[in-house]
Q: 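Below you'll find the structure I mean.
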Amino acid sequence: MQAAVGRFLSAAGAGDVDALATMFAPVRALYREPVSQFTILVDDGQLAFVRAVATLQRAGRVQSQNIDYFTLLRDSSGAWKFVNGS
């Protein structure tokens, strides 16, 4: 696991999107995840922390309730870009 995390951080730091793509597990089934509630904290207008309460649905059936977390950074043009998601 340590080697896998090391490879991930090296590829992320180098901007090697192709290498990063190979490190993720394949999608087992298509799904929807509609969000019912957002909590957003913005620090200094540049960094945003987002908590999203969502319902995971597959083939129209509810599978689970999820809480997803995201970190976004505002770039020089003012657009929000993802830094982290879990």
Side-chain angles (χ1 to χ4, degrees):
M1 286 184 280
Q2 289 176 340
V5 170
R7 286 191 300 273
F8 177 87
L9 293 173
S10 292
D16 189 346
V17 178
D18 292 331
L20 287 171
T22 67
M23 296 180 197
F24 285 87
V27 175
R28 291 189 177 94
L30 297 179
Y31 66 91
R32 292 186 60 236
E33 199 170 353
V35 175
S36 61
Q37 179 184 6
F38 286 100
T39 302
I40 302 171
L41 302 170
V42 179
D43 184 19
D44 199 27
Q46 293 299 115
L47 189 63
F49 302 96
V50 180
R51 178 183 186 263
V53 178
T55 303
L56 181 71
Q57 302 173 359
R58 286 197 175 106
R61 296 183 61 205
V62 172
Q63 298 291 305
S64 64
Q65 301 294 317
N66 293 342
I67 298 176
D68 299 314
Y69 296 93
F70 304 95
T71 305
L72 292 89
L73 183 65
R74 191 184 304 249
D75 70 11
S76 60
S77 72
W80 290 101
K81 304 290 182 167
F82 288 93
V83 174
N84 183 334
S86 61

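All residue numbers in this chain count up from 1 along the given sequence.
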Q: Which heavy atom in Arg51 sits nearest to a heavy atom in Ile67, and how many Å separate them?
A: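 For Arg51 versus Ile67, the nearest heavy atoms are NH2-CD1, 3.1 Å.
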
Q: Distance check, rounded to the nearest 0.5 Å: Asp16 atom CG versus Phe8 atom CZ?
A: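 If I round to the nearest 0.5 Å, the distance is 11.5 Å.
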
Q: When you look at OH of Tyr31, are more than 12 heavy atoms from neighbouring residues, nucleotides or ligands closer to it than 6.0 Å?
A: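 No, OH of Tyr31 has 12 or fewer neighbouring heavy atoms, counting only those of other groups under 6.0 Å.
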
Q: In the single-linkage hydrophobic clustering (I, L, V, M, F, W, Y; side-chain heavy atoms under 4.5 Å), do Val50 and Val53 co-cluster?
A: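 Each belongs to a different hydrophobic cluster.
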
Q: For Asn66, which residues count as a side-chain hydrogen bond (donor to acceptor under 3.5 Å, both in side chains) partner, sequence neighbours excluded?
A: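 Glu33, Ser64.
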
Q: Would Val5 end up clustered with Met23 when hydrophobic side chains under 4.5 Å apart are linked, directly or stepwise?
A: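 The answer is yes; both residues are in one hydrophobic cluster.
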
Q: Determine, using the 4.5 Å side-chain heavy-atom cutoff (strictly less than), whether Phe82 and Phe38 are members of one ILVMFWY cluster.
A: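 Yes: a chain of side-chain contacts under 4.5 Å links Phe82 to Phe38.
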
Q: For atom CG of Leu9, decide whether the heavy atoms of other residues, nucleotides or ligands shown that lie under 6.0 angstrom number more than 12.
A: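 Yes - once you tally the heavy atoms of other residues, nucleotides and ligands closer than 6.0 Å, there are more than 12.
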
Q: Would you indicate whether the side-chain heavy atoms of Asp75 and Leu73 approach each other to under 4.5 Å?
A: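 No, too far: nothing below the 4.5 Å cut-off.
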
Q: Determine whether Val42 and Leu72 fall in the same hydrophobic cluster, where Ile, Leu, Val, Met, Phe, Trp and Tyr are linked whenever their side-chain heavy atoms lie under 4.5 Å apart.
A: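 In one cluster: yes.
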
Q: CH2 of Trp80 to CG of Leu47: how many Å apart, nearest 0.5 Å?
A: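 Rounded to the nearest 0.5 Å, the CH2-CG separation comes to 7.0 Å.
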
Q: Considering non-hydrogen atoms only, spot the tightest contact between Ala11 and Leu20 and give its length.
A: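 The answer is CB-CD2, 3.8 Å.
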
Q: Minimum heavy-atom separation for Gly85 to Phe70, with atom names?
A: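 Scanning both residues, the minimum pair turns out to be CA-CD2, 3.8 Å.
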
Q: Verify, without hydrogens or angle tests, whether Arg58 (side chain) and Gln63 (backbone) share a donor-acceptor contact under 3.5 angstrom.
A: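 No, Arg58 side chain to Gln63 backbone: no donor-acceptor pair under 3.5 Å.
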
Q: Restricting to non-hydrogen atoms, name the atom on Pro34 and the atom on Gln57 that form the minimum distance, rounded to 0.1 Å.
A: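 That closest heavy-atom pairing would be CG-NE2, 3.7 Å.
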
Q: Same cluster or not: are Tyr69 and Val83 linked, directly or through other Ile, Leu, Val, Met, Phe, Trp or Tyr residues, by side-chain heavy atoms under 4.5 angstrom apart?
A: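 Different clusters: Tyr69 never reaches Val83 through Ile, Leu, Val, Met, Phe, Trp or Tyr contacts under 4.5 Å.
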
